[in-house]
Each structure stands twice: as structure tokens, then as C-alpha cells.
Amino acid sequence: MSRKFKIHKDPNDTGCTLYKKGTITIQPGVTVLVGCNGAGKTTLIKCLEEKLDNEDIPHIKYNNLTEGGNSSMQDALFRDDISFLVRGAISSEGERIVMNMEKMARKIGEFVRTGKSNDMKNIFADIFSGAKESKKKLANERWIFLDAIDSGLSVDNIVDIKEVLFETILEHNAGNEIYIIVSANEYEMARGQHCFDVYNGKYVTFKDYEEYREFILKSKEIKCKRYDKSK
């Protein structure tokens, strides 16, 4: 079932309208957020996370730019995951990204079943707040946010993520309604997927790379005009 959300057109309160619509509808399954850099993809993800928090809807997020690379190595060191450290030390950037996604896939699998993300943020929050496990029944929705996951990946890696990770999550949904929200820049991630134009607040499709390229350039033009007006 599709979900409607009310969002702020100017979420940063800068006097610069980031989104054309104040209400958007997100469909279950995979949604690829599209727009140029700075169009508001990551900001929209944050907005949706806040809405889901308010409704106690289970969600999990992986940001390749902040959780990949050296961050993933530091996390492995903290968790005493020597195997990951050794593999990461002798792997290329692209291979490390795939390793990170493999780790994330295991977390997502557990999250889909239990509704718990078990990330470091939540672990430390529970430690310092003395939080106890909630007995409240969880909603049967599972929201998975994947931000900038195609950064540094080759075309074949992106295809693997779409064909293996996404399809596996949707197939093994543990009776839950799955929403996979992907922020990406590469056409290969958008190709053949339900794409969401973050500025216009509607779903779009692209027949080929040229059509996608024209869309991104138009998105950049809109962004530049927006910033010019805010000066």
C-alpha cells in the first residue's frame, strides 16, 4: 500500500524552496530517488526518517559515503572483526564497497525479521538511556534507506546489488511490506526501476541514458535558479 507524507518544501528554513510539493506518495518496493547533486535526495531521506520515527515505523539506513571506506574499517576494529579488516586491507575501493554491502545485507536481513536495526547509534543510545526492550507491537512495514550506494561501484556491481540484494529482500520479506529507498547518481541504478523525481514529487521512468542525462541537467538548472533566487 502506498504511503503519503507531508514534507516541508523548505526543510532547511533558508527561504529556498527545495521541493515543489508539500505532500508526496511513496510506493512499496524499490524507489530510486533521482536528481542532480544538491537536489535534495539525502534531505528527503532525513525527512522520511523523521516521519517514520514519529509513527514508530521500523527503518534502517546505510550511507555509503559515511559508513563505507575507513569508517567501515574502524567499525570492524571496534567489533574485533579481524577477518573483515584483513580482507579490507588487501582489497580495492570497489571490493571494499561490496564487502560493506555484504555486511549491510546481513543487518537488513535481521532487520526485516525483527524490526530492529542494531546500529551503533541505537546501541549507545540504549546504553546511556538505560532503555528497555519495548513490548509494543511493531508495524509490519520495513523501510530501508540506502544513500549514495552506487558511489565507487562499477556497472556490474550495481547490477548485482539490484538483482541479488533488492530482489532477495523483497522475496524474503517475513510477511512485511518493504520499502527500499535508494539515493543514487548513476543511470545504471535508475535503469528499469521506479524512480522518484525529488523536486517535482512524482514517479518517473527513463527509456535510455540520454533521457536520464537530460533529466539530470534539467534538475541542475532548477537547482541553480533556486539558489540564485535565494541570494
Side-chain angles (χ1 to χ4, degrees), residues 1-8 11 18-19 21-35 39-68 100-123 125-126 131 133-134 136-151 158 161-185 189-190 193-199 201-204:
M1 187 175 77
S2 299
R3 293 278 262 107
K4 286 188 177 182
F5 296 92
K6 288 185 177 181
I7 61 172
H8 295 297
L18 201 57
Y19 307 118
K21 293 184 177 181
T23 301
I24 61 172
T25 301
I26 302 296
Q27 301 172 1
V30 179
T31 293
V32 178
L33 305 181
V34 291
K41 299 188 294 292
T42 297
T43 300
L44 181 58
I45 285 178
K46 292 178 180 177
C47 290
L48 294 177
E49 285 186 286
E50 291 177 2
K51 297 292 183 181
L52 296 173
D53 276 335
N54 292 336
E55 297 182 36
D56 291 325
I57 303 296
H59 59 92
I60 188 173
K61 182 171 75 172
Y62 173 80
N63 186 324
N64 184 40
L65 298 180
T66 59
E67 298 179 58
N100 294 336
M101 291 306 300
E102 289 174 353
K103 286 179 62 178
M104 187 59 189
R106 291 193 290 272
K107 290 182 180 179
I108 290 174
E110 181 67 17
F111 165 73
V112 169
R113 290 190 296 272
T114 67
K116 299 177 182 179
S117 62
N118 291 326
D119 60 19
M120 297 306 297
K121 177 180 68 174
N122 290 338
I123 289 172
D126 288 347
E133 185 175 354
S134 174
K136 184 177 180 179
K137 185 178 180 180
L138 290 172
N140 66 343
E141 294 178 37
R142 299 290 184 269
W143 288 73
I144 301 160
F145 297 101
L146 303 172
D147 202 359
I149 63 169
D150 58 354
S151 178
I158 295 174
I161 287 175
K162 291 166 65 175
E163 293 185 350
V164 178
L165 180 61
F166 294 172
E167 292 182 9
T168 300
I169 294 170
L170 294 174
E171 181 180 355
H172 300 282
N173 55 47
N176 298 300
E177 191 164 46
I178 306 295
Y179 295 79
I180 303 174
I181 312 299
V182 182
S183 167
N185 291 321
M189 183 59 73
Q193 301 296 145
H194 290 100
C195 298
F196 190 81
D197 176 352
V198 294
Y199 173 71
K202 63 180 182 179
Y203 279 89
V204 295

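Just so it is clear, the values below take in all heavy atoms, side chains as well, and ignore hydrogens, waters and symmetry mates.
In terms of heavy-atom proximity, G35 sits nearest to K41 at O-NZ, 2.9 Å. Nearest approach of I24 to G201, heavy atoms of both residues: CG2-CA, 4.2 Å. Contact detail for S2 and T25: the closest heavy-atom pair is CB-CG2, 3.6 Å. Nearest heavy atoms, C195 versus A190: SG-O, 3.4 Å. Summarising the geometry of Y19 relative to P11, their closest heavy-atom pair is CE1-CG, 3.9 Å, with the distance given to 0.1 Å. Between N176 and V112, the closest heavy-atom pair is ND2-O, 2.9 Å.
Counting only heavy atoms from C-beta outward, the side chains of I169 and N173 never approach each other to under 4.5 Å. Proximity of R142 to Y179: side-chain heavy atoms (C-beta onward) are nowhere separated by under 4.5 Å. By the 4.5 Å heavy-atom criterion applied to side chains, V204 and F196 are not counted as neighbours. Residues I161 and I149 meet the side-chain proximity criterion, which asks for heavy atoms closer than 4.5 Å.
Counting only distance, with no hydrogens or angles, the side chain of N140 and the backbone of E177 share no donor-acceptor pair below 3.5 Å. For the pair Y203 (side chain) and T31 (backbone), a donor-acceptor distance under 3.5 Å is absent.
To the nearest 0.5 Å, atoms NZ (K46) and CG (D147) are separated by 8.5 Å. In this structure, F5 CZ and N54 CG are separated by 11.0 Å, a value rounded to the nearest 0.5 Å. To the nearest 0.5 Å, the span separating CD1 on I60 from NZ on K116 amounts to 13.0 Å. Atom OH of Y199 is separated from atom CG of L18 by 9.5 Å, given to the nearest 0.5 angstrom. Remark: I57 CD1 to E55 CD distance equals 5.0 Å, nearest 0.5 Å. Here NZ of K162 is found 10.0 Å from CD of E167. Values are rounded to the nearest 0.5 Å.
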Evaluation steps, salt bridge (charged side-chain N to carboxylate O under 4.0 Å, His left out), between E141 and R3: CA-CA 11 Å; E141 294 178 37; R3 293 278 262 107; 3.0 Å; yes
Take L165 and I180 through the test side-chain contact (heavy atoms from CB on, under 4.5 Å) and record every step on the way to the result. CA-CA 11 Å; L165 180 61; I180 303 174; over 6 Å; no
Hey, mind stepping through V198 and V34 against side-chain contact (heavy atoms from CB on, under 4.5 Å) and telling me if it holds? CA-CA 6 Å; V198 294; V34 291; over 6 Å; no
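The only member of L48, L44, T42 that meets side-chain contact (heavy atoms from CB on, under 4.5 Å) when paired with L33 is L44.
Ring geometry for F145 versus H59: interplanar angle over 60°, hence perpendicular rather than tilted (30 to 60°).
A salt bridge links E110 to R113: one of the charged nitrogens lies within less than 4.0 Å of a carboxylate oxygen. Taking the charged nitrogens against the carboxylate oxygens, E49 and K61 do have a contact shorter than 4.0 Å, which makes a salt bridge.
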